[in-house]
Amino acid sequence: MNGIDLVGPQFSVLATAGIVLLVDGLMPGHRRHLPFIALLGLTLSALWTLSWVSRDSFPQKDVFGGTLSLDEYAVFFYFLFAGIGATVVLASIDWVNREGRGQGEYYALLLTTCAGLMFLSAARDLITIFLALELSSIPQYILAGWGKDKRSSEAGLKYLLLGAIASAMLLYGMALLYGVTGTTMLSEISAGLQANGEQYRALLVLAMVLLIAGFGFKMAVVPFQMWVPDVYQGAPTPVAAFLSVGSKAAAFAVVTRIFFEGLGADFLSDDWSMIFAIIAAVSMTLGNLMAVVQTDIKRMLGYSSVAQAGTFLIGLAAISVPGERFDLGGSGILLFTASYAFTNLGAFVAIIAISQKIGSDQIRDYAGMWKRSPLLTVGLAFCLVSLTGIPPTAGFWAKIYIFNAGVRADLLWLVVIGVLNSVVSGFYYLSVARQMFLGEAEDEKTISTSPSIAVALGAATLGVLVFGLIPMPLISAAESAVDALRTVS
């Protein structure tokens, strides 16, 4: 593979972002084609990734001096981010056209973020990780404040300021790791810690806490979740959808790699495992309790995402020991990431369509939606069922798998908390469905659905259903990806 080929999926997305800006600036009469150019670039990225899998030279564990790894783990997330990006582009078309401004910039920022997330999932060097994180974060700060109203501006500013603090914490943690080991490569950090790292235990624990705090912002876990409800409510709904799945998926991808591959030394792993377990318990509980009392559906999903992130952390807490426990915990994280992406995107796509028509995000205004739009109602309700973890949905298998990992890792107390919180989440998820099916609508005017929204919602809902009925392909892909991560460590 040559240099361009090694970063082909990211290069194709970034090149498409440039083309979108050129078309927007030089050929304004063709702006209606911009989302389709963006979709073409994301499709090319996925096809480029697919072409790697069939080559004899795949996988490559050591690319660009070991700063990137092109293995099944990276490929899993390359496909996932391409799919997330394509779904958000489709869901954005109506909203962007209605806004009537900055169309090229919007799609270019979205594509740039996708490229940064791809780099982040493959990075094996602290400097590369930080650069990829900023490449994906800065466009997101801009997108969060893309709306015309005051709430959107506030959301963008709050996201920027808190994101800057999180980045500073990450840099301090990375600097401490470099000071102790003299390297930024994860594999070399691991070797250095195994050799003589125990004498620097106090510094390493501090570095570990700073890394958890920095990435905790991206994962949206307690106590670093304060930005979530306000940003989700204030940001344009397509942007909130992207933040809820893309940023979170990349954060868990890189955190899994850093802590298992770089900080997996025996004298540290039990410490960070317990920290993750405690944060998981608090995030699930606080996120669900706050979601129960919300009246705005975007704020509800914001607090819900905090609770879901806590469920992710059960898998992280379970990967502290190599072997079967790592395989289950790591596979659970990836399976949960993919199913959550399908499910949450589907929910947000339906909300985009409904909110645009009724002009409200209040849950009470969703009453009687079944009579106004059966398609949107069924799609949203099915995704809410999946978030609860009820069969036959992908969310059911994701929770079963990650709870199993927790039990095998002797974290039964955490699994019990997770199960109880799933019951609590069912109350507010299903109350929205009850409102839509059984509530009385003040206005029974039919809500039409645009083709782009229908395709996006159909793809997400189909993914939730297919992997709920036939989960083995997704489970096998997650297991192969984790096996590659364990082999490279």
Stepwise side-chain contact (heavy atoms from CB on, under 4.5 Å) check, Ser355 with Tyr366
CA-CA 9 Å; Ser355 296; Tyr366 279 58; 3.2 Å; yes
Determine whether the aromatic ring centres of residues Phe276 and Phe259 are separated by less than 6.0 angstrom.
yes
Side chain to side chain donor-acceptor pair (under 3.5 Å) partners of Thr113, counting only residues at least two apart
none
Under 30°, 30 to 60°, or over 60°: which ring-plane class applies to Tyr159 and Tyr141, parallel, tilted or perpendicular?
perpendicular
Here the gap from Ile333 atom CD1 to Ile402 atom CD1, rounded to the nearest 0.5 Å, amounts to 6.0 Å
No-hydrogen, no-angle side-chain donor-acceptor test under 3.5 Å, Tyr428 and Thr388
no
Would you check, one step at a time, whether the test side-chain contact (heavy atoms from CB on, under 4.5 Å) holds for Leu170 with Ile129?
CA-CA 10 Å; Leu170 276 176; Ile129 287 170; over 6 Å; no
Rounded at 0.5 Å granularity, tell me how far CE in Met300 sits from OG in Ser425.
9.5 Å
Approximate separation, where rounding is to 0.5 Å, of Leu21 CG and Thr16 OG1:
11.0 Å
Shortest non-hydrogen separation from Ile453 to Val349 and the atoms involved:
O-CG1, 3.8 Å
What are the two closest heavy atoms between Gly346 and Leu457, and how far apart are they?
O-CD1, 3.3 Å
Within a radius of less than 6.0 Å around CG of Leu50, do more than 12 heavy atoms belonging to other residues, nucleotides or ligands occur?
yes
Which heavy-atom pair separates Ala241 from Phe348 by the least distance, and what is that distance?
CB-CB, 3.4 Å
Any luck finding a side-chain donor-acceptor pair between Tyr107 and Ser92 under 3.5 Å?
no
Closest approach of Phe252 to Tyr73 (non-hydrogen atoms, all atoms of both residues):
O-OH, 4.2 Å
Locate the shortest heavy-atom distance separating Ala249 from Leu80; write the atom from each residue and the value.
CB-CD2, 4.2 Å
My understanding is that only residues two or more places apart in sequence, or in another chain, count here; which of them pass side chain to side chain donor-acceptor pair (under 3.5 Å) with Ser137?
Lys218
What's the shortest heavy-atom distance between Lys399 and Leu387, and which atoms?
NZ-O, 3.4 Å
